[in-house]
Amino acid sequence: LLSQQLRLNERDLHDTTVTDGSSFNASMQTSPASMINQYKFEEDAEDTKDIFVTVDNPESHVTAIETYITYRVVTKTTRSEFDSSEFEVRRRYQDFLWLKGRLEEAHPTLIVHPLPEKFVVKGMVERFNEDFIETRRRALHRFLNKIAEHPIFSSSEDFKIFLTAASGELTSYKKQGPGFLSRMGETVKAVAAAVRGVRNRPQEFTEMQEYVEAFSQKISSLDKVTQRIVREQKEYLEELKECGPTYALWSQSEEELAEPLKDVAGCVDRCCKETEEQVKNLNDNLIPVLHEYALCTETLKAVLRRRDNIQADFEAKTEALATKKADRDTMRDDLDKAEDRLEWANNALKSDWTRWQKDMRTDLRSAFVDTAERNVNYYEKCLAVWESFLHSQRTDAEGNGNVDFS
Amino acid sequence: MADSGSEEIAVIGNTDLTPSESENNLKNTMVEKGTSLLKMMEISVAEAEKRTGKNAVNMQETYTVYLIETRPVDAASEGTNPVPDSLWRRYSEFELLRNYLLVTYPFSVVPPLPEKRAEFVWHKLSADNMDPDFVERRRVGLENFLLRVASHPDLSSDKIFYSFLTEENGWKETVFETGFQAKADSRLKALNATFRVKNPDKRFAEMKHYGDELQSVISQLLRVRARAADRLYGVYKVHGNYGRVFSEWSAIEKEMGDGLQSAGHHMDAYAASVDDILEEEEHYADQLKEYLFYADALRAVCRKHELTQYELEMAAQDLTSKKQQREELATGTIRTFSLKGMTSKLFGQETPEQREAKLKMLETQIEEGEELVKERNAECEEFVKSAWVDIERFKEQKDHDLREALISYAIMQISMCKKGIQVWNNAKECFSKM
């Protein structure tokens, strides 16, 4: 985990982040102030969605070395940067990982939506199990849509290539980027920065960190609670499934009671189906969202760490300038660049933090509202089942003149 | 389907009937049936109390006693409401009463007692006989038993039953004085012996088979239901965790805080609601249990029929063989092998005087045998007639009661669904304010 963190950190200390054309539109200016303006502008443009991305149609590929799944990614857009208005490509999980990595490298203090995990061992029998593939497909779909909705990420060149390049093109494009030796150099710098630590972290980022810590616990608890509910529901369903057939068996020994017993058996069976549906809903809708936001907290922690490292680097360079006597001009230059980088990182994080919070609120609210609604529907359906049984019993009785129900 | 639900509510009427109300309906039906006893007095098992005392082997024991209250019907309706007559009885005395009734009215399907030990329990329910919930449900069951007996056309006029309700002291002695114990012992021996009936009444054979099936299927239903109740409890209670986490989460949020907090309260309410739901279901389980034990009573009647039939067949068989012996003796032909016959062949014939004596003895025996067969035949016919009347009565009662039970089960499910709809609608509103 530490090595992963350092690999990400190495890029933000590399000078190319400001001028790396592969991650920005050529028209973008490079000063921090204009960056801030860019973000604000993009937020207002939320309502006019001009790009639509879907992930579907998983297919299995078998080669001599491995078996893997690809997903179809369809893009429909009116943006001028795209050569055409519709694209269809096939991508595998590795490709999504690559895209995520590129976006994080280019924007160390922006929040990238998490990808579904590589391989969930617990409860998974086979990587190519149908449910697993479907869950992953939905998560990949959400991932790309979050990228497309993000004011900065959606204009990323890497994103564009991901959506439009043919498989061969993508492979060769991926091979570009800093070489092995330069990456090693960056790693050394990154370790130094991490060890140094930050001295004067602004209060707001400390508060952010505390919030992320607390939020992480809560969301993880919610994930666990919901999984437990699903488990209990499944076990309840197993028992309930035996009730209907028992009533049916009983009806075979009876005369007068045969009809009502058969009806009760039918009602119980129908309620079983509704319960099954409800469990599936929880699994397909609420759990993935909670799970994603649990993964989000890891991203947030990493983002905060990277911001801290950028500040640590700036603080170190400030100190160096104060104490060293030689090379003052180069050092001042370095310091200015570090200061710019810090200011830019802080503003980027602040903006994206607001955006992320808004998104989180919307996503979780709608997930819980949706769950509550489905529960209401479940009970309404079961209610109707039993009410129709009552109705049939009462009309029967009144018809036969047997019992007075007043 | 869900849309038409609201229309159907108007047609159906009151679906808010609680199990205790439906139990009252049951009692009213029994009272309305109107045996002379019930027309005269109101019967109830009002309370239960713990007592300690020395038992038969002089050891300290704790046991529960139940307060039986009787009140003359007229007084209550006049509105004067006098203090009811009451006495305390323990479970073993109820058992004694029932055993007496079983022996004295072998052709009646005698109402069962509530279970001696808690069975078919799911985890939260205690299997302990001293547990207050168990005692309470047993109190209700005992009251039910008394009302069932009091509404039975034959049992209700029994004097021992009447004194059970009215005479606290010396009742036990009165029961033993009837000598039913001796009859009980011999009957028990006979019932437990295996015997083959050549011509069982087909109806009784079918009834016994039905009793077997009923017992088996209700046992299965009670087992499955108990396991499902256990699981349902788990589902509801885990939602309580939502309440806790939402509350904690709301503390770190600004705009989302209120919505989360109030949603959390509804999750707590949801989790708590399962206790009432499952308690109501226990009433339903008790109704099923009564008929589980009734199945046993039904089978007992069928078994007793077999016994009387067997005794008749034995007597008839005996008579036939005696008649045959007489014929052989009279005509001198030996058709059946007998040791006497062989020895007389070997050692010479009997004297005419000896034969005459033997014939006379056989004639007497045959006369007695014919009387016995007549008696037993009459017994059998009488038993079949009486038993079948009570079985038909029982069938009607069973069909009515179990149908009511199924309806009350449906009502419970509806109530549970309505509560669920309310809670989740409330939660939904809170969530939308998040």
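Every chain is numbered from 1, with letters handed out A, B, ... down the list of sequences.
Contacts between residues 203-219 of chain B and chain A, counted as heavy-atom pairs separated by less than 4.5 Å, involve B:Y210, B:E213, B:L214, B:V217, B:I218. Proximity to chain B at a heavy-atom threshold of 4.5 Å picks out nothing from residues 202-210 of chain A.
For A:T226, the parts lying near chain B are the backbone and the side chain together; criterion is any non-hydrogen pair under 4.5 Å. Contact of A:L237 with chain B is not made at all, since no heavy-atom distance falls under 4.5 Å. If you measure heavy-atom distances from A:F215 to chain B, the contacts under 4.5 Å come from both the backbone and the side chain. In this structure, the portions of A:V225 lying under 4.5 Å from any heavy atom of chain B include both its backbone and its side chain.
To the nearest 0.5 angstrom, B:I411 atom CD1 is 10.0 Å from A:F389 atom CZ.
In this pair, A:Y247 and B:Y409 present their aromatic rings tilted. The plane angle is within the 30 to 60° band.
If you look at B:F246 and A:F368, their ring centroids are closer than 6.0 Å.
Proximity of A:E254 to B:K398: side-chain heavy atoms (C-beta onward) are separated by under 4.5 Å at one or more points.
Of the possible donor and acceptor atoms, none in the side chain of B:R403 sits under 3.5 Å from a partner among the backbone N and O of A:P260.
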Item to complete: Applying side-chain hydrogen bond (donor to acceptor under 3.5 Å, both in side chains), run through B:E253 and A:Y211 and close with a yes or a no.
Response: CA-CA 9 Å; B:E253 297 290 345; A:Y211 173 84; 2.2 Å; yes

